[in-house]
Amino acid sequence: MNQRKEQGLLLSVENLGERLFRLKIHSPSISKKALPGNFCHLRVNESYSPLLRRAFSIHQVETEKNSFELLFKVVGPGTQILSEKKTGEKIDLLGPLGNSFSLPAKDENAVLLAGGMGIAPLFYLVSSLLEKKFDPQKISLFFGVRKKDEYLLVNDIVSTGIRLHLATEDGSSGYRGMITELFFQELRARRLKTKRTRFYACGPNLMLKKVSEISRKFKLDCQISLESHMPCGVGACMGCVVNTVKGYKRVCKDGPVFDAREVILD
Amino acid sequence: MNQRKEQGLLLSVENLGERLFRLKIHSPSISKKALPGNFCHLRVNESYSPLLRRAFSIHQVETEKNSFELLFKVVGPGTQILSEKKTGEKIDLLGPLGNSFSLPAKDENAVLLAGGMGIAPLFYLVSSLLEKKFDPQKISLFFGVRKKDEYLLVNDIVSTGIRLHLATEDGSSGYRGMITELFFQELRARRLKTKRTRFYACGPNLMLKKVSEISRKFKLDCQISLESHMPCGVGACMGCVVNTVKGYKRVCKDGPVFDAREVILD
Amino acid sequence: MIPDLSVKIGKVKFSNPVLVASGTFGYGEEYGAFFDLNELGSIITKSITLNPREGHLPPRTCETPSGMLNAIGLANVGVKRFIQEKLPFLRNLKTKVIVNVAGSSIDEYVEVVKKLEGKKGIDLLEINISCPNVKQGGITFGSDPKCAYDCIKAVRDNSTYPIIAKLSPNVADIVEIALAVEEAGADAVSLINTLVGMAIDLEKRKPRLSNITGGLSGPAIKPVALAMVWKTAQKVKIPVIGLGGIMNTQDALEFILAGASMIQVGTGNFVDPECSVKIVEGLKEYCQEKKLKRILDLRGKLKIFTAD
Amino acid sequence: MIPDLSVKIGKVKFSNPVLVASGTFGYGEEYGAFFDLNELGSIITKSITLNPREGHLPPRTCETPSGMLNAIGLANVGVKRFIQEKLPFLRNLKTKVIVNVAGSSIDEYVEVVKKLEGKKGIDLLEINISCPNVKQGGITFGSDPKCAYDCIKAVRDNSTYPIIAKLSPNVADIVEIALAVEEAGADAVSLINTLVGMAIDLEKRKPRLSNITGGLSGPAIKPVALAMVWKTAQKVKIPVIGLGGIMNTQDALEFILAGASMIQVGTGNFVDPECSVKIVEGLKEYCQEKKLKRILDLRGKLKIFTAD
Ligand SMILES: Cc1cc2nc3c(=O)[nH]c(=O)nc-3n(C[C@H](O)[C@H](O)[C@H](O)COP(=O)(O)OP(=O)(O)OC[C@H]3O[C@@H](n4cnc5c(N)ncnc54)[C@H](O)[C@@H]3O)c2cc1C
Ligand SMILES: Cc1cc2nc3c(=O)[nH]c(=O)nc-3n(C[C@H](O)[C@H](O)[C@H](O)COP(=O)(O)OP(=O)(O)OC[C@H]3O[C@@H](n4cnc5c(N)ncnc54)[C@H](O)[C@@H]3O)c2cc1C
Ligand SMILES: Cc1cc2nc3c(=O)[nH]c(=O)nc-3n(C[C@H](O)[C@H](O)[C@H](O)COP(=O)(O)O)c2cc1C
Ligand SMILES: Cc1cc2nc3c(=O)[nH]c(=O)nc-3n(C[C@H](O)[C@H](O)[C@H](O)COP(=O)(O)O)c2cc1C
Ligand code: FES
Ligand code: FES
């Protein structure tokens with residue numbers, strides 16, 4: 001992959017809920033090359049506060065329009081500044097970076113687990129599969145949030161026709177509890193096939209740790225997308241590593257997608 | 001003077017020319033107390049870049065409306081950020097700070113020398129005098145800029161009825177040369193009374209150095225308003241000092257207005 | 001429940017651990033216009049020397065990324081005028097008063113300290129053995145354990161006030177210096193003073209400070225200060241006073257977690273004159289929120305060995 | 001007129017004075033996707049040790065005001081795999097290659113250096129006697145003139161490559177160390193490595209780095225680096241390579257004015273992968289604009305004694 005730097009043009013900024021934003025960015029090079037799982041590394045402004053770039057998963061791509069989307073939550077100064085951007089502004093982008101999800105074969109199933117903002121890359125995975133004419137009924141998405149007003153894109157998801165399992169920690173909608181609990185129950189009750197099924201997960205570290213344990217236990221072919229502090233984003237600094245059974249791996253370059261059975265999270 | 005901190009409310013942002021801006025700010029405490037020569041010290045944003053406050057002269061006050069104005073030029077990151085502010089934003093202000101011009105008696109003359117942005121505090125001095133029913137014909141303003149498109153507020157000045165002498169360095173309008181040269185010629189030709197006349201000057205350091213020399217030579221009763229890097233702005237850090245015949249003085253607290261014959265600029 | 005913010009150094013009890021750093025708060029008067037100075041744990045004066053000092057030529061300060069450089073050159077009124085002109089104001093405050101003392105020889109420190117002895121209105125001394133802007137002076141004391149010991153010992157022998165030794169960060173091992181001054185009888189150490197730094201005006205091809213180099217302060221140096229406070233607090237028995245880039249309650253709490261018993265606000269005063277009192281208030285709120293009886297219960301409570 | 005940007009260290013001639021700092025550019029491959037690596041004066045590798053090192057536990061980095069902390073722990077493939085796996089890529093570049101060497105004993109430095117001796121594709125060595133993240137190791141060499149001398153002398157005696165000694169800023173007097181390594185036969189000194197720093201997660205009451213402390217880099221430390229480069233350049237005869245917070249052409253020019261013959265870009269690569277090449281371009285433009293025949297005509301040209 002010939003990584004490149006590009007000045008993206010901000011096409012739209014949408015506030016999708018409390019502290020939740022979606023950006024649409026014009027960027028021929030990223031939209032042409034981005035695969036589900038890839039991320040971009042962007043500079044939120046020209047000042048030194050914050051100094052470093054911030055990483056965001058590619059959330060959606062419209063190749064014909066040379067544009068792609070990011071979905072993010074305001075958690076600190078960087079995302080705050082990003083949320084205040086205006087249509088027409090330029091954004092300094094590196095990308096697409098990192099590896100990508102390995103896709104299921106046509107006759108396989110896909111089970112996706114999203115915790116909160118983990119929906120960002122998984123949504124792109126779903127739409128890529130559908131674009132490749134993958135049968136929506138063979139895709140199940142487990143989507144967990146803390147409370148129901150944190151749900152995102154549910155209408156968009158429902159309209160794809162994939163199977164949807166919802167969970168909220170406070171029980172305000174769907175299953176009451178962690179999404180991994182619901183997933184575990186379904187697995188144990190054998191309501192989910194594990195053979196010829198590819199699993200995918202993205203979400204908070206605690207959730208991915210659980211997913212990783214479950215994957216080992218049930219020998220699932222499961223790919224998880226990790227986050228880490230990424231100074232360089234291109235594999236040069238060794239700052240973003242995660243422990244795996246094969247030693248430390250760079251999340252930015254060897255990942256962000258890893259085999260759930262191989263990473264050692266704590 | 002009971003200095004105070006206040007959250008001012010930005011009422012308007014006007015672009016008056018290339019890199020020139022005027023802000024109108026709602027601030028009861030400053031607009032009530034500000035005298036010509038005072039300045040305010042403001043924080044351009046909440047981040048650490050830039051870290052320190054920036055000083056600006058009080059340029060105009062509308063006491064009834066609880067508002068005052070600043071006039072500034074974009075010269076670096078601080079003024080850049082300030083110029084991008086939007087109506088309705090809050091601004092963290094300290095002020096009014098510093099001493100103020102001592103005003104002429106009713107039967108005295110006032111001669112003002114402004115170089116570039118030096119017009120900011122002197123304009124407030126003029127309007128204060130006029131408000132106190134000072135005869136406009138007893139006020140002369142020497143206003144110098146580099147080229148004619150840098151002139152500011154000329155219509156406003158002309159409509160006050162005071163005597164106006166203009167100079168541009170490139171000769172594109174008015175006298176060709178430095179405003180201090182024109183001033184010096186007028187003095188030498190005795191077209192300016194020096195007895196019972198108060199002189200006031202504000203502008204770049206080089207100009208003020210000249211004014212200071214002329215004031216010593218002609219024994220002018222001349223007040224000049226200085227600038228300096230001001231970490232604290234309230235007299236606590238000794239960072240902003242200027243050399244005078246009485247030793248180092250703090251520009252923020254002992255000034256910014258000084259007797260031109262006493263300061264030693266270089 | 002009102003949490004207990006009090007802290008003791010030697011026999012002096014402070015109502016709270018928030019101080020204002022030497023050189024950033026003048027002699028106290030100026031900031032009185034912004035808040036009630038009695039709300040502070042203590043005011044620390046500008047460094048006082050034996051004779052009045054005019055200080056360095058301007059320009060004396062410039063801004064750097066998330067920080068600033070200063071080369072004030074210990075401009076101060078001298079000990080005599082300090083006692084005559086500045087102390088009366090400070091004496092009338094209810095808050096504690098710490099006089100910061102600087103010199104360019106041990107004799108000078110001793111002379112200043114002797115002149116301050118027994119003066120009403122002074123509660124403690126902070127001995128600045130670390131100013132990077134005085135040439136033959138402070139810097140030596142601050143970077144050599146033996147000199148630091150000698151200086152503090154001499155002051156100790158000539159003063160009955162509790163003594164805080166203010167340490168320089170421009171050393172290979174600050175703990176060594178801290179242990180030396182503890183041995184010499186210091187009642188506390190404060191750290192850090194500024195890092196030696198420099199800025200250049202490319203246009204003019206000149207240093208931005210007339211003194212060429214100056215002292216770096218502000219948020220930029222906070223990581224350096226935190227590391228030094230953490231290391232020192234683990235080794236000395238006397239209280240550690242932390243400073244360097246403290247701008248808000250969070251920063252202050254981080255220093256306390258790292259082992260500081262008290263904190264000082266320096267450059268933060270310039271950014272927000274109310275910075276120090278806001279921190280007093282913030283510490284109170286934090287204690288209430290976290291159900292801490294005493295702020296000192298947090299001191300050094302950094303978790304080092306837990307997995308997550 | 002095309003200005004002459006070339007600089008020599010020992011017998012090695014660089015096409016321009018812009019290098020990329022050790023540890024921020026991997027072994028060169030990654031940034032090849034962003035620009036033609038041959039446009040750089042040289043690439044400096046991550047520090048190479050005798051054995052492969054996994055490095056410290058994550059989290060290894062965090063951001064601080066205008067800077068960042070890192071505690072990578074010298075994670076590297078070890079000298080053997082470096083020669084086998086990484087050098088072939090570097091060898092095919094036209095740009096010069098500087099291999100940075102680290103160790104925790106003089107013997108280890110010597111062993112690594114011996115293994116690198118005579119390998120095609122290596123032009124110089126940079127000896128890291130300053131890494132703050134290795135416990136019994138580097139830090140000692142870097143903060144004591146005698147140790148620094150011994151280490152560089154041993155390397156000198158066992159290598160025919162020109163040697164750059166990379167110095168630590170965590171010392172009371174960096175000039176002393178620079179003079180010691182010059183005496184030991186270093187062909188150049190590079191400074192500064194990172195300042196020891198620390199950051200705390202208040203919420204978790206834990207250090208942000210698993211290693212507790214780390215090295216501070218980025219614009220925050222630029223004033224410290226400039227001061228040290230300026231002081232050192234006045235005292236040593238060998239070339240000084242300046243680094244610390246260089247983010248753009250202006251910064252680079254300031255270091256050259258202060259006395260640096262070459263500069264390195266570290267954290268700047270993260271902020272903008274093209275930072276280093278943009279500086280090469282920027283230096284060229286500056287020379288043209290200011291009618292400088294050679295960039296080195298600017299070196300040390302800081303005006304100190306003029307009135308304005
Ligand atoms: C490959 C990758 C893809 C990501 N995709 C998305 C996405 O699609 N949507 C989204 O909302 N977020 C995503 N993130 C997380 C996003 O990068 C962080 O939320 C962002 O960097 C926070 O920046 P900030 O300045 O707002 O907050 P900060 O002030 O940096 O920090 C706020 C909090 O976020 C943590 N944080 C900072 N940087 C990171 C980081 N790089 N990764 C994880 N936590 C961090 C901090 O420790 C802190 O607790 C992704 C991260 C990675 C590495
Ligand atoms: C009492 C006082 C009143 C002032 N009134 C006005 C005014 O009415 N209108 C106006 O346009 N400007 C005024 N100034 C100057 C104004 O403060 C500076 O232009 C501003 O601080 C520059 O900030 P910056 O971040 O944009 O530029 P910086 O990046 O700080 O600097 C850009 C350039 O301006 C210089 N500079 C920085 N701070 C100051 C300062 N405080 N004083 C002088 N030069 C400085 C720098 O050396 C640099 O060359 C006043 C300054 C003082 C001290
Ligand atoms: C303008 C200025 C003047 C200072 N003067 C002194 C001084 O006279 N004596 C002293 O011990 N420290 C002095 N300092 C250092 C501060 O007390 C403090 O140690 C340093 O600034 C770090 O804290 P900060 O980052 O909170 O500012 C001065 C600092 C500044 C910014
Ligand atoms: C992530 C990271 C890793 C580093 N690793 C090394 C290293 O292995 N060897 C070394 O000599 N310096 C290392 N350094 C220090 C840099 O080479 C450089 O000296 C320092 O970062 C200051 O320059 P900067 O402010 O431009 O980054 C590292 C710095 C960073 C940020
Ligand atoms: S962020 Fe630098 S190696 Fe991953
Ligand atoms: S700015 Fe601090 S004394 Fe004037």
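Below, chain A is the first sequence line, B the second, and so on; all start at residue 1.
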Would you say that more than 12 heavy atoms from the other residues, nucleotides or ligands in this model lie under 6.0 Å from the [atom1] of [X], or not?
{"X": "D/E203", "atom1": "CD", "result": "no"}
{"X": "A/K210", "atom1": "NZ", "result": "no"}
{"X": "A/R19", "atom1": "CZ", "result": "yes"}
{"X": "A/E18", "atom1": "CD", "result": "no"}
{"X": "D/K80", "atom1": "NZ", "result": "no"}
{"X": "D/Q250", "atom1": "CD", "result": "no"}

Measure the shortest side-chain to side-chain distance between [X] and [Y] over non-hydrogen atoms and say whether it is less than 4.5 angstrom.
{"X": "D/P273", "Y": "A/L94", "answer": "yes"}
{"X": "A/V241", "Y": "D/H56", "answer": "no"}
{"X": "A/P231", "Y": "D/T61", "answer": "yes"}
{"X": "A/Y48", "Y": "D/V271", "answer": "no"}
{"X": "A/Y248", "Y": "D/L57", "answer": "yes"}

Is it true that [X] and [Y] have a side-chain N and a carboxylate O under 4.0 angstrom from each other?
{"X": "D/E30", "Y": "A/R250", "result": "yes"}
{"X": "A/K5", "Y": "D/D272", "result": "yes"}
{"X": "A/R53", "Y": "D/E63", "result": "no"}

**Q.** Qualifying salt bridge (Lys or Arg N to Asp or Glu O under 4.0 Å) pairs with a residue from residues 242-254 of chain D, counting only residues at least two apart or across chains
**A.**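 Qualifying pairs: D/K222-D/D251, D/K222-D/E254.
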Reported [atom1]-to-[atom2] distance for the pair [X] and [Y], which is rounded to 0.5 angstrom:
{"X": "A/H229", "Y": "D/L209", "atom1": "NE2", "atom2": "CG", "value": "10.0 Å"}
{"X": "D/N269", "Y": "A/C232", "atom1": "CG", "atom2": "SG", "value": "9.0 Å"}
{"X": "A/R43", "Y": "D/F270", "atom1": "CZ", "atom2": "CZ", "value": "14.0 Å"}

Q: Against chain A, label D/Y31 side chain, backbone, both or neither, depending on which of its atoms sit under 4.5 Å from a heavy atom there.
A: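 Contact with chain A is through the side chain of D/Y31 alone.
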Q) For D/T64, is it the side chain, the backbone, both, or neither that has a heavy atom closer than 4.5 Å to a heavy atom of chain A? A)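 For D/T64, there is no contact with chain A at all, as no heavy atom is under 4.5 Å.
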Q. If you count heavy-atom pairs under 4.5 Å between each of A/P50, A/S47, A/S228 and chain D, which one has the most?
A.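 It is A/P50.
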Q) chain A: which of D/P65, D/P59, D/S66 shares the most heavy-atom pairs with it under 4.5 Å? A)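 Going by pairs under 4.5 Å, I would pick D/S66.
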Q | Derivation and outcome, side-chain contact (heavy atoms from CB on, under 4.5 Å), residues A/L51 and D/M247 | A | CA-CA 11 Å; A/L51 179 66; D/M247 308 299 281; 3.8 Å; yes
Q: Could you tell me which residues satisfy side chain to side chain contact (heavy atoms under 4.5 Å, CB included) with A/D259, sequence neighbours excluded, listed by chain and number?
A: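 Side chain to side chain contact (heavy atoms under 4.5 Å, CB included) check on A/D259 returns A/R261, A/E262.
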